[in-house]
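Encoded as structure tokens, the structure appears first; notes follow it.
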Amino acid sequence: MDLQKKVIIITGASEGIGKALAKKLAPNNYLILVGRNYEKLNQLIKELGSKKHLAVKCDISNPEQIKKAYKTIEQDYSNIDLIINNAGISSAKKFDDYEDSQIRDIININVTGSILFTKTFIKKIILSKGAIVNIGSMFGEIAHPCYSIYSASKFAIKGFSDSLRRELSHLGVRVFYISPRATKTQSLEKNDEIGQYFKMNVDEPEKVANYIIEGINNNQSAIYPKSIERLFLFIQKFFTKLIDNNLSAISKKIYLK
């Protein structure tokens, strides 16, 4: 898919991967930047240096705000070529430490919100024979201890992506699933107390944005980092017990802390 002169919606665009994608896609496309922090979105548009982009305030965990965002976007753009479902939150803690409300927040933003946002715009994507890009995670491939809810949400996004790709391909719609490894964001920093036990390799958002764009341009339906984590995926698939034993040992250290 040639990412030139496209109308692109990016959710969670005010920081992290979403912001990095916006900066790289802005020169040759029309961007609709969606997020909860309207001030940050407008500041980003100023940095991009063009009036052709649009900032839309929307908390995708709120269905009414999604509907309102649709009406706002439709006023300026009748055609949508690409949706990048990037909005999400990360969390790491012992399972029994979660409040019920925290579990609902993660699922509502990472899963339900992305699905409802896609459903709201899906007719426009079908009309344009466009594409949907869902940002998953390596945690949606290899579930880590103390990331139970986050991993569940990203496993769900992978399933959603695979199903939607197979359902809509005959209509000319492409669905891309992205599985970044740990990325330097505010969410990751908040989880560092747990994350430090796993000694994870961490990518800069700009690096992730680069291989996402490269993968889309090359029509790769599943986009992964070119890193050692690919080997871990192989081990997870064929030698699951090795992954179980390694991560269970780390979990024991966390619980004994």
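The chain is numbered in sequence order, starting from 1. What you are looking at is a predicted structure, and each value in this text was computed from that prediction instead of being measured.
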Inset, instruction - Mind listing the closest non-hydrogen atom pair of N217 and L3 along with its distance? - result: OD1-N, 3.3 Å

Legend entry - Polar contact flag, side-chain donor to acceptor under 3.5 angstrom, K93-Q102: yes

Legend entry - Member of N29, L48, L25 meeting the side chain to side chain contact (heavy atoms under 4.5 Å, CB included) criterion with H53: L48

Legend entry - Taking every non-hydrogen atom, the tightest pair across V133 and I178: CG1-CG1, 3.7 Å

Legend entry - Residue pairs involving residues 107-116 (criterion side chain to side chain donor-acceptor pair (under 3.5 Å); sequence neighbours excluded): N110-S153

Inset, instruction - Kindly say whether I142 contributes a backbone atom to a donor-acceptor pair with the side chain of H144 at under 3.5 angstrom? - result: yes

Legend entry - salt_bridge(E206, K19) N-O dist < 4.0 Å: no

Inset, instruction - Decide if atom NZ of K52 counts as having more than 12 heavy atoms of other residues, nucleotides or ligands within a radius under 6.0 Å. - result: yes

Inset, instruction - I would like to know whether N85 and T118 meet side chain to side chain donor-acceptor pair (under 3.5 Å); could you show each step before the answer? - result: CA-CA 8 Å; N85 286 312; T118 302; 2.8 Å; yes

Inset, instruction - Verify side chain to side chain contact (heavy atoms under 4.5 Å, CB included) between I132 and I122, making sure each step is shown before the conclusion. - result: CA-CA 9 Å; I132 298 159; I122 193 62; 3.6 Å; yes

Legend entry - I135 versus P180, closest heavy-atom pair with distance: CG2-CG, 4.1 Å

Legend entry - Side-chain donor/acceptor of N37 to backbone N/O of E39, under 3.5 Å: yes

Inset, instruction - State yes or no: do I66 and I107 share one hydrophobic cluster built from I, L, V, M, F, W and Y residues joined by side-chain heavy-atom distances below 4.5 Å, directly or via other members? - result: yes

Inset, instruction - Please report the shortest heavy-atom distance between G12 and A87, naming the atom on each side. - result: N-CB, 3.7 Å

Legend entry - Polar side-chain atom of T240 near backbone of Q236 as donor-acceptor pair, under 3.5 Å: yes

Inset, instruction - Before giving the answer on side chain to side chain contact (heavy atoms under 4.5 Å, CB included), spell out for C146 and I254 the whole-Å C-alpha distance, their side-chain angles and the decisive distance to 0.1 Å. - result: CA-CA 9 Å; C146 300; I254 295 171; 4.1 Å; yes

Legend entry - Salt bridge flag under 4.0 Å for residues K184 and D203: no

Inset, instruction - Quick one: which residue pairs count as a salt bridge (Lys or Arg N to Asp or Glu O under 4.0 Å) with a foot in residues 143-166, not counting sequence neighbours? - result: K158-D162, D162-R165

Legend entry - Donor-acceptor contact present, side-chain D81 to main-chain I8, <3.5 Å: no

Inset, instruction - Rounded to the nearest 0.5 Å, what's the gap from CD1 on I83 to CG on N134? Could you check? - result: 9.0 Å

Inset, instruction - Mind jotting down which residue pairs meet the ring-ring contact (aromatic ring centres under 6.0 Å, His included) criterion with at least one end in residues 226-257? Sequence neighbours excluded, please. - result: F234-F238

Legend entry - Main-chain N/O of P145 paired with S251 side-chain donor or acceptor, under 3.5 Å: no

Legend entry - Donor-acceptor contact below 3.5 Å, side chain K124 vs main chain N79: no

Inset, instruction - May I ask you to say whether E204 pairs ionically with K207, meaning some side-chain N is under 4.0 Å from a carboxylate O? - result: no

Legend entry - ring-ring contact (aromatic ring centres under 6.0 Å, His included): pairs with one or both residues in residues 13-38, sequence neighbours excluded: none

Inset, instruction - Check each of F198, F155, Y147 against F139 using the ring pair (Phe, Tyr, Trp, His ring centres under 6.0 Å) test, and report the only one that passes. - result: Y147

Inset, instruction - For K94, look at atom NZ and say whether over 12 heavy atoms of other residues, nucleotides or ligands are found less than 6.0 Å away. - result: yes

Legend entry - Contact list for residues 66-98, test ring-ring contact (aromatic ring centres under 6.0 Å, His included), sequence neighbours left out: Y70-F121

Legend entry - Donor-acceptor pair, side chain of T72 and main chain of K68, under 3.5 angstrom: yes

Inset, instruction - Can you spot which of R181, R230, E141 makes a side chain to side chain donor-acceptor pair (under 3.5 Å) with Y224? - result: E141

Inset, instruction - Would you mind listing every side chain to side chain donor-acceptor pair (under 3.5 Å) that reaches into residues 2-12, with sequence neighbours excluded? - result: none

Legend entry - Short side-chain to backbone donor-acceptor contact, S128 and I125, under 3.5 Å: yes

